[in-house]
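For the numbers below, each heavy atom of this structure counts, side chains included, while hydrogens, waters and symmetry mates do not.
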Amino acid sequence: MLVTSRPPRHRVDYVDQLIGDDSEGRAPKDAVLEFRTDPFRAHGVDVIHLTDIATVLGDHGARARTRRAKRFVRFLRRRRIALVRTLRGEEANRDISRAAAIVDGAATTVLALYPMTAADGRPAQVVAHSHLRDRFLGFPRQDSVPGRLLITAVTTLHPSCRTALAVFGIADLPDWTLRVAGKVPVGHEEAYMRTVADHPGSISLRDELISDAICVSEVSQAEIVIIGEAEAYGSQSILMLALSLDRPILVEDTEQTRSLAEEVGASWVRRHTGPLTADVLERTLAAFRADPPTGRPNLDSRAPNLISAQYSAVYRGAAAAR
């Protein structure tokens with residue numbers, strides 16, 4: 001099995017979903033995983049798991065991407081290698097390209113973190129994001145700060161974060177503060193700094209690429225975590241970290257977030273209809289204050305080794321279908 005990704009490392013990444021939690025020696029071991037970012041250098045493997053189609057298509061023009069897609073499919077056929085492809089949430093809003101359709105058409109299985117459709121028209125098989133309850137045992141955690149909202153990202157802040165920042169700035173929320181932690185996108189620095197300077201007592205900014213330890217600290221101090229584009233993989237990771245640390249999330253109401261609320265508990269997934277506005281934010285937080293969550297979110301179906309076992313089953317099926 002070749003996974004087109006860097007090996008697991010100190011930072012949590014998508015590949016951690018594949019290997020599970022082996023802290024007690026119970027992670028699935030029936031698939032031998034190799035990690036390499038160049039799929040064209042695969043040798044002696046039964047299956048390639050394409051975690052990002054860009055590793056095949058590159059960032060060239062449409063014709064070059066189509067040529068690379070055809071070359072990759074020929075490579076798979078010559079070597080009798082099965083293909084498993086993961087769709088990223090960011091692809092849902094893009095136009096379907098011929099190159100992507102060629103790659104997806106060659107895949108034995110197409111996966112996604114939530115229901116999506118591959119470029120060749122078939123529905124993806126859903127393997128959900130695992131929880132992270134045990135991933136950060138021993139990491140320092142803080143008590144929740146009453147009234148603190150958090151917007152965060154382990155890499156660059158999503159563009160939607162700027163909207164949420166502006167909305168909080170005009171909302172009438174004297175009992176709430178907003179913390180923003182993550183790298184501000186290039187070109188947005190002035191807008192962020194201006195909003196923070198206009199609200200020194202209620203908005204604070206940590207403008208840097210944050211480590212997992214810092215992310216755990218920031219999330220644990222929040223009372224609610226605001227999630228912008230829930231379908232993006234980075235947002236999915238923050239979303240699941242928040243729930244794993246027993247912090248509720250605020251997210252737009254979609255088919256996917258409704259399904260998540262039914263799964264983990266509606267009081268942990270606070271949904272707003274349509275774009276976030278000052279009025280929506282005020283009403284949502286008032287409802288949260290009147291009916292806060294109790295207990296813990298139900299994440300049983302997302303145990304790391306259950307999720308890892310689903311990937312292993314996909315790999316076995318793909319290898320058998322060659």
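When all heavy atoms are compared, the tightest approach of V145 to E223 is O-CB, 3.9 Å. Closest heavy-atom contact between V103 and A69: CG2-CB, 3.8 Å. Summarising the geometry of T108 relative to A318, their closest heavy-atom pair is CG2-CA, 3.8 Å, with the distance given to 0.1 Å. Between G201 and T177, the shortest heavy-atom contact is O-CG2, 4.2 Å. Shortest non-hydrogen contact noted between V56 and F40 is O-CE1, 4.2 Å. The two residues V225 and A222 make their nearest non-hydrogen contact at CG2-CB, 4.1 Å.
Residues L173 and L281 meet the side-chain proximity criterion, which asks for heavy atoms closer than 4.5 Å. Between M240 and S130 the shortest side-chain heavy-atom distance does not fall below 4.5 Å. Looking at heavy atoms from C-beta onward, V110 lies in side-chain contact with L87 at the 4.5 angstrom threshold. A heavy-atom distance below 4.5 Å is found between the side chains of H43 and R79. Side chains of L241 and C215 form a contact here, defined as non-hydrogen atoms less than 4.5 Å apart. Side-chain contact between V84 and L50: absent, with no pair of heavy atoms (C-beta onward) separated by less than 4.5 Å. Within the 4.5 Å cutoff, the side chain of L250 has no heavy atoms near those of the F288 side chain. Contact check for E34 versus M1: no side-chain heavy atoms found under the 4.5 Å cut-off.
By the 6.0 Å contact criterion, CZ on R71 is open, its count of non-hydrogen atoms from other residues, nucleotides or ligands being 12 or less. Within a 6.0 Å radius of CZ in R141, more than 12 heavy atoms belonging to other residues, nucleotides or ligands are found. Within 6.0 Å of CG on D143 lie no more than 12 heavy atoms contributed by other residues, nucleotides or ligands.
In this model, no donor atom of one side chain and acceptor atom of the other lie less than 3.5 Å apart for S160 and T163. For S217 and Q221, the side-chain atoms include at least one donor-acceptor pair closer than 3.5 Å. Side-chain atoms of S308 and Q17 include no donor-acceptor pair closer than 3.5 Å.
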Original post:
Would H49 and T86 satisfy side chain to side chain donor-acceptor pair (under 3.5 Å), going step by step from the backbone distance to the final call?
Top reply: CA-CA 8 Å; H49 182 176; T86 291; 2.7 Å; yes
**OP:** Carefully, step by step, assess F168 and H199 under the rule side chain to side chain contact (heavy atoms under 4.5 Å, CB included).
**Re:** CA-CA 10 Å; F168 182 87; H199 304 85; over 6 Å; no
**OP:** Start with the C-alpha gap between R289 and W176, add the side-chain angles, then the distance that decides, and say whether side chain to side chain contact (heavy atoms under 4.5 Å, CB included) holds.
**Re:** CA-CA 11 Å; R289 274 281 180 262; W176 293 85; 3.6 Å; yes
**OP:** Apply the test side chain to side chain contact (heavy atoms under 4.5 Å, CB included) to residues L111 and Y311: give CA-CA distance (whole Å), side-chain angles for both, the deciding distance (0.1 Å), then the verdict.
**Re:** CA-CA 9 Å; L111 303 176; Y311 281 106; 3.6 Å; yes
Original post:
What's the verdict on side chain to side chain contact (heavy atoms under 4.5 Å, CB included) for L260 and E263, showing C-alpha distance, side-chain angles and the deciding distance?
Top reply: CA-CA 5 Å; L260 177 66; E263 176 190 349; 4.2 Å; yes
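Here R194 pairs with E190, A191, D198 under the side chain to side chain contact (heavy atoms under 4.5 Å, CB included) rule; sequence neighbours left out. Checked against side chain to side chain contact (heavy atoms under 4.5 Å, CB included), P8 has the following partners two or more places apart in sequence or in another chain: V15, D16, I19, F35.
Hydrophobic clustering, with ILVMFWY side chains joined whenever heavy atoms are under 4.5 angstrom apart, groups V196 together with I226. Using a 4.5 Å cut-off between side-chain heavy atoms of Ile, Leu, Val, Met, Phe, Trp and Tyr, with links allowed through other members, L157 and L150 fall into different hydrophobic clusters. No chain of hydrophobic side-chain contacts below 4.5 Å, direct or via other Ile, Leu, Val, Met, Phe, Trp or Tyr residues, connects L285 to V219. By the criterion of side-chain heavy atoms lying less than 4.5 angstrom apart, applied directly or through intervening Ile, Leu, Val, Met, Phe, Trp or Tyr residues, I238 is not grouped with I210; the two fall into different hydrophobic clusters. There is no path of hydrophobic side-chain contacts, each under 4.5 Å, that joins I170 to I203.
Looking only at distances, no side-chain donor or acceptor of R271 sits under 3.5 Å from a matching main-chain atom of T257. Between the side chain of N298 and the backbone N or O of D300 there is at least one donor-acceptor pair closer than 3.5 Å. Using a distance-only test at 3.5 Å, with no hydrogens or angles considered, no donor-acceptor pair links the side chain of S237 to the main chain of G234. A donor-acceptor pair is defined here as one N or O able to donate and one able to accept, closer than 3.5 Å; no such pair exists between the side chain of R36 and the backbone of L2. For the pair Q310 (side chain) and V127 (backbone), a donor-acceptor distance under 3.5 Å is absent. A donor-acceptor pair is defined here as one N or O able to donate and one able to accept, closer than 3.5 Å; such a pair exists between the side chain of S244 and the backbone of L132. Judged by distance alone, with hydrogens and angles left aside, the side-chain atoms of S220 form a donor-acceptor pair with the main-chain N or O of Q142 at under 3.5 Å. Between the T37 side chain and the T4 main chain, no donor and acceptor come within less than 3.5 Å of each other. The backbone N or O of A119 lies less than 3.5 Å from a partner atom in the side chain of D104, making a donor-acceptor pair. A side-chain donor-acceptor contact under 3.5 Å links T152 to the backbone of A181.
Among residues at least two apart or in separate chains, ring-ring contact (aromatic ring centres under 6.0 Å, His included) pairs with a member in residues 223-263 are Y14-Y233, H129-Y233.
Separating the CD atom in E252 from the CG atom in L276 is a distance of 9.0 Å, to the nearest 0.5 Å. Here the straight-line distance linking atom CZ of R179 with atom CG of L205 works out to 7.5 Å at 0.5 Å rounding. If you take CZ on R296 and CH2 on W268, they are separated by 8.5 Å, rounding to the nearest 0.5 Å. Taking CZ from R270 and CD1 from I249, the interatomic distance works out to 11.0 Å, rounded to the nearest 0.5 Å. Atom CD1 of residue I151 and atom CD1 of residue I224 lie 12.0 Å apart, to the nearest 0.5 angstrom. One distance of note links CD1 of I227 with OG of S235; it measures 6.0 Å at 0.5 Å rounding.
Ion pairing of R122 with D120 is present here, as a side-chain N (NZ or NE/NH1/NH2) and a carboxylate O approach within less than 4.0 Å. Ion pairing of R206 with E218 is present here, as a side-chain N (NZ or NE/NH1/NH2) and a carboxylate O approach within less than 4.0 Å. Comment: R88 does not engage E231 in a salt bridge, judged by the lack of any side-chain N to carboxylate O separation of less than 4.0 angstrom. The existence of a salt bridge linking R322 and D46 is confirmed by a sub-4.0 Å separation between a basic side-chain nitrogen and an acidic carboxylate oxygen. The residues R26 and D22 are annotated as not salt-bridged, no charged nitrogen and carboxylate oxygen being separated by less than 4.0 angstrom.
Of the options L299, L243, D21, a side chain to side chain contact (heavy atoms under 4.5 Å, CB included) to R133 is made by L299 and by none of the others.
A parallel orientation is assigned to the rings of F75 and F72, their planes being inclined by less than 30° (bins at 30° and 60°).
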